[in-house]
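As structure tokens, the structure follows; a few thoughts come after it.
Small disclaimer: the values here were computed from a predicted structure and weren't measured. In each ligand, atom 1 is the first atom listed, and ligand 1 is the first ligand listed.
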Amino acid sequence: MHKIIAIDGHSSTGKSSLSKQISKQLGFIHIDTGAMYRAITLFAMRHGFLENGEVDKMGLIEKLDEIDIKFDYNAATEKNEIILNGENVEKEIRTMEVSNNVSPIAKIDEVRTLLVKIQRALAQEDGIVMDGRDIGTVVFPDAPVKIFLTASAHVRAQRRYDELKAKGVDVTLEEVTANVNARDKMDSERANSPLKKAEDAVEVNNDDLNAEETVEAVLKIIKEKLG
Ligand code: DC
């Protein structure tokens, strides 16, 4: 078994920043699978398969074989950035519009099958930190380390709001809270690969931990598990 560290959990718990830090410290590759679902959502929006929250599921499924998703390491941001059909869309996938539309896309079976296949292929290399919702349950059920990151909804909404405000995005705390709650509900209740803690995952609640403390807590768990 490769050294795969599966990090799952709710939205806005800081999974991606945590995974980035951990992969940096361990010299592992970081794969943000949420970025992959966001990239397909952006593709669907650009091709007119998403109008007013309604998905043209059949239209999108027919076009899935035209989608190429890769990552490209950017030394300046120290981030594995997402490339959709040759275009770096790391910035475009982080808008509120994509966040609001990603859950209905992520519940389409064909979309999940495609992305899980890419995710497994990406982990051919040794040393991977992969974050998402179903990494420890579906993508790599045999991963030697599984973390389930969580925090209360209001703490997560406040963090996301602060992050968006810092980027100059014009949103209210109410809008962000509504998005966090709606995504929690859709991610946990969908039939295919719902967000849930794997039985053998270690749960980390970071309500009272800052980013550095979360990294420390998780690195400690990894060292115990990997020796
Ligand atoms: O981690 P994120 O917020 O960027 O993820 C965006 C959405 O993608 C999230 O609402 C749920 C979905 N997702 C998923 O269904 N499975 C994954 N492995 C990762 C993300």
Side-chain angles (χ1 to χ4, degrees), residues 4-20 22 30-45 50 53 55 60 67 69 71 79-82 84 89-123 128-141 143 146-151 153 155-157 159-161 163-164 167 169 171 176-198 201 206 214:
I4 294 173
I5 298 170
I7 301 194
D8 291 303
H10 291 98
S11 53
S12 301
T13 41
K15 282 191 306 294
S16 286
S17 332
L18 166 74
S19 305
K20 183 177 151 184
I22 283 176
H30 172 214
I31 303 293
D32 168 1
T33 64
M36 301 169 86
Y37 289 92
R38 288 171 178 270
I40 299 216
T41 306
L42 182 68
F43 177 92
M45 281 161 45
L50 245 171
V55 188
L60 175 62
I67 298 182
I69 289 179
F71 287 90
K79 200 168 191 272
N80 232 351
E81 297 185 339
I82 189 138
L84 169 67
V89 291
E90 187 59 41
K91 196 157 172 265
E92 288 78 359
I93 60 164
R94 307 286 168 196
T95 61
M96 275 300 276
E97 198 186 355
V98 171
S99 298
N100 285 333
N101 284 303
V102 63
S103 288
I105 298 290
K107 71 178 188 193
I108 299 173
D109 292 347
E110 288 79 356
V111 168
R112 302 204 72 85
T113 303
L114 170 71
L115 292 186
V116 169
K117 194 172 140 207
I118 300 174
Q119 288 152 13
R120 289 185 179 146
L122 284 168
I128 290 270
V129 179
M130 194 174 280
D131 77 277
R133 304 292 188 287
D134 60 341
I135 311 306
T137 51
V138 174
V139 186
F140 296 114
K146 298 182 186 178
I147 305 290
F148 191 81
L149 195 62
T150 182
V155 170
R156 291 185 283 124
R159 285 182 190 153
R160 182 95 188 102
Y161 172 76
E163 215 176 273
L164 289 166
K167 282 193 207 160
V169 180
V171 278
V176 178
T177 305
N179 176 260
V180 165
N181 287 331
R183 280 208 286 156
D184 277 1
K185 189 169 155 59
M186 282 189 269
D187 292 346
S188 318
E189 292 180 0
R190 69 169 174 240
N192 188 341
S193 314
L195 168 67
K196 68 166 197 268
K197 178 183 165 296
N206 70 0
T214 308

Would you kindly say whether [X] and [Y] are connected by a side-chain donor-acceptor distance under 3.5 Å?
X	Y	result
His30	Asp131	yes
Asn181	Arg156	no
Asn179	Asn100	yes

N/O separation below 3.5 Å, [X] to ligand 1:
X	value
Asp32	no
Asp134	yes
Ser11	no
Asp131	no

Ligand 1-proximal atoms of [X], by part, heavy-atom distance under 4.0 Å:
X	result
Arg183	side chain
Met36	neither
Met186	neither
Arg190	side chain

Review point. Below 4.5 Å, heavy atoms only, C-beta onward: do Glu90 and Arg38 meet side chain to side chain?
Key: no
Review point. Closest non-hydrogen protein atom to atom 19 (C) of ligand 1, residue and atom name please, with distance?
Key: Thr33 OG1, 3.4 Å
**Study point:** Ion pair check, Asp32 and Arg94, cut-off under 4.0 Å
**Key:** yes
Practice item. Would you confirm whether Asp8, through its side chain, and Gly136, through its main-chain N or O, come within 3.5 Å as a donor-acceptor pair? Key: yes
